[in-house]
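Before any comments, here is the structure.
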Amino acid sequence: MPELPEVEVLARHLRPALHGKSIRRIRVNRPKILRPTTEKQLQRALTGAKFKGLTRRGKYLLFEFRAKGGKDITLLGHLGMTGRMFVARKGEALPKHAAVVWELSKGTFVFEDTRYFGRMTLDLSAVEKLGPEPWDREFTPEVFARELKRSRQPIKVKLLDQSLIAGVGNIYASEALFRAKISPRLAANKLKFAQVERLLDAVRDILSEAIACGSTVPLNFGTGKSDGLFYFGSAPGVEDYYEERLQVYDRGGKPCLVCGSPIVRLVQAARSTFFCGRCQKV
DNA sequence: CACCATGTTCCTTG
DNA sequence: CCAAGGAACATGGT
């Protein structure tokens, strides 16, 4: 479930769910997910700590706590490929792959992750390496263009570079390029300035629309199958809602929704890219 | 069985 | 030193 929009929507749901609560006890079922923090360190830092706030940076979540001794603590969360987080109600069964569980003053916070690629750690170094948020005022088309000039990698691959721009993942990279009518194969340093402008607008619009869409969906994490979100999401009764959300991703061989020509799948940097060979000529 | 999957990091090669 | 490519991580779905 996790690119910037999904993480943003999750943050908006978790904030009120954690408001005013503190951590009674921490259970770690998958210590690796804390790396390089140890289970002991996490428990020492957070047992008895009170939730103070939650922000998002790129695809990361930053949990703020006030520890028992009065010290402020930041905990970093990342969903990896398959991570989910939710506050379960009392007596609710834990999912099979619950990696970390916080028993709260009221309720239970669950970080579950089938593939265990996610993170929950006191090591904040990953965030320092992130590039700007897509809507950062300083991140102008001029800045974007200057960075792209330095690379001959395909533009699709550059969009996934979190040190260039934070938060774009494999799905929305394809979607943004389709929106901007730019070929994913075009070398980053070959983009015209007008294309860079269009691409930045497209990235911002695609992500904003996904957040707006996700924000209207009633999440119901606890009950099982529904992660309530986006591409794989199926909140009850809103199935059709998702139909038209993705224009190219995972639509290989299907007709382009603009021109009807078949959507092409290719592999770049070991990841699938989808695009329309007719609409995205250059 | 084969191949695919929303992400990041590490290692190798040039 | 850097850029680029690929494997590894771990589990499940088709």
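Please read all numbers here as calculations on a predicted model, not as lab measurements. Below, read A as the first sequence line, B as the second, and so on, with proteins coming before strands; counting in each chain starts at 1.
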Query raised in the report: Expressed as a whole number of Å, how far does the P atom of dC3(B) sit from that of dA7(C)?
Result: 13 Å
Query raised in the report: On a whole-Å scale, what distance lies between the P atoms belonging to dC11(B) and dA10(C)?
Result: 15 Å
Query raised in the report: For Asp113(A) and Val100(A), what are the C-alpha separation, side-chain angles and deciding distance, and is it a side-chain contact (heavy atoms from CB on, under 4.5 Å)?
Result: CA-CA 9 Å; Asp113(A) 184 359; Val100(A) 180; over 6 Å; no
Query raised in the report: Tell me: CG of Asp113(A) to P of dT8(B), nearest whole Å?
Result: 13 Å
Counting only pairs under 3.5 Å, give me each side-chain donor-acceptor contact of residues 179-192 of chain A, with atom names and distances, residues two or more places apart or in other chains.
unit_1    : atom_1 : unit_2    : atom_2 : d
Arg179(A) : NH1    : Glu209(A) : OE2    : 3.1
Arg179(A) : NH2    : Glu209(A) : OE1    : 2.8
Ser183(A) : OG     : Arg185(A) : N      : 3.1

Query raised in the report: Do NZ/NE/NH1/NH2 and the carboxylate oxygens of Asp161(A) and Lys158(A) come within less than 4.0 Å?
Result: yes
Query raised in the report: Where do Cys256(A) and Arg278(A) land on the side-chain contact (heavy atoms from CB on, under 4.5 Å) test, with the steps shown first?
Result: CA-CA 9 Å; Cys256(A) 168; Arg278(A) 179 120 71 111; over 6 Å; no
**Report entry** dC4(B) versus dG6(C) - spacing of their P atoms, nearest Å
**Finding:** 14 Å
Requested in this report: Before accepting this row, confirm whether a basic side-chain N of the pair Arg146(A)/Glu142(A) lies closer than 4.0 Å to the acidic partner's carboxylate O.
Outcome: no
Query raised in the report: Just one of Val282(A), Leu200(A), Leu148(A) clears the side-chain contact (heavy atoms from CB on, under 4.5 Å) bar with Gln195(A), so which one?
Result: Val282(A)
Query raised in the report: Leu104(A) and Leu18(A): side-chain contact (heavy atoms from CB on, under 4.5 Å), yes or no, with the steps?
Result: CA-CA 9 Å; Leu104(A) 301 169; Leu18(A) 291 172; 3.9 Å; yes
Query raised in the report: Rounded to whole angstrom units, what separation is found between the NZ atom of Lys156(A) and the C1' atom of dG7(B)?
Result: 12 Å
Query - Heavy-atom closest pair, residues Ala45(A) and Ile73(A) - result: O-CD1, 3.2 Å
Report task. Mind telling me whether Phe144(A) and Phe139(A) have parallel, tilted or perpendicular rings, with 30° and 60° as the class edges? Result -> tilted
Query raised in the report: Any side-chain N or O of Lys59(A) less than 4.0 Å from the OP1 or OP2 oxygen of dT6(B)?
Result: no
**Report entry** Nearest-nucleotide pick for Asn170(A), side chain only, options being dA5(B), dT8(B), dG7(B)
**Finding:** dG7(B)
Query raised in the report: Expressed in angstrom and rounded to an integer, what is the separation of Ile171(A) atom CD1 from dG7(B) atom P?
Result: 7 Å
Report task. Would you classify Arg35(A) as touching base, sugar-phosphate or nothing, given that sugar-phosphate means primed atoms plus P, OP1 and OP2, and contacts are heavy atoms under 4.0 Å? Result -> nothing
Report summary line: In whole angstroms, the gap separating P of dC4(B) from CG of Asp250(A) amounts to 12 Å
Query - Distance, rounded to the nearest Å, where Arg271(A) contributes CZ and dA8(C) contributes C1' - result: 14 Å
Query raised in the report: Whole-Å distance between dT6(B) C1' and His78(A) NE2?
Result: 10 Å
Query raised in the report: Can we call the ring centroids of Phe65(A) and Trp102(A) under 6.0 Å apart?
Result: yes
Query raised in the report: Do NZ/NE/NH1/NH2 and the carboxylate oxygens of Glu103(A) and Arg24(A) come within less than 4.0 Å?
Result: no
Close N or O pairs between protein and nucleotides 2-4 of chain C (under 3.5 Å):
unit_1 : atom_1 : unit_2    : atom_2 : d
dA4(C) : OP1    : Arg152(A) : N      : 3.3
dA4(C) : OP1    : Gln153(A) : N      : 3.4
dA4(C) : OP2    : Ser151(A) : OG     : 3.4

Query - For DNA chain B, the dot-bracket pattern of Watson-Crick and G-U pairs whose distances stay under 3.5 Å, | for other-strand partners - result: .||||.||||||||
Query raised in the report: Should the heavy atoms of other residues, nucleotides or ligands under 6.0 Å from CZ of Arg44(A) be counted, would the total exceed 12?
Result: no
Query - Partners meeting side chain to side chain donor-acceptor pair (under 3.5 Å) with Arg115(A) (sequence neighbours left out) - result: none
Query raised in the report: Between Ile206(A) (CD1) and dT6(B) (C1'), how many Å, whole number?
Result: 15 Å
Query raised in the report: Quick one: does Arg265(A)'s side chain get under 4.5 Å of Ser272(A)'s, heavy atoms only?
Result: yes
Requested in this report: Starting from P on dG7(B), measure out to NZ on Lys129(A) and report it in whole angstrom.
Outcome: 18 Å
Report task. Flag the pair Arg57(A) and Glu133(A) as a salt bridge only when some basic side-chain nitrogen lies within less than 4.0 angstrom of an acidic carboxylate oxygen. Result -> yes
Query raised in the report: Expressed in whole Å, how much space separates the C1' atoms belonging to dG12(C) and dT9(B)?
Result: 23 Å
Polar atom pairs between nucleotides 10-14 of chain B and protein, under 3.5 Å, N or O only, would you list them?
none

Query raised in the report: How does protein contact run along nucleotides 9-14 of chain C, one letter per nucleotide 5' to 3', with B for base contact, S for sugar-phosphate only, - for none, heavy atoms under 4.0 Å?
Result: BBBS--
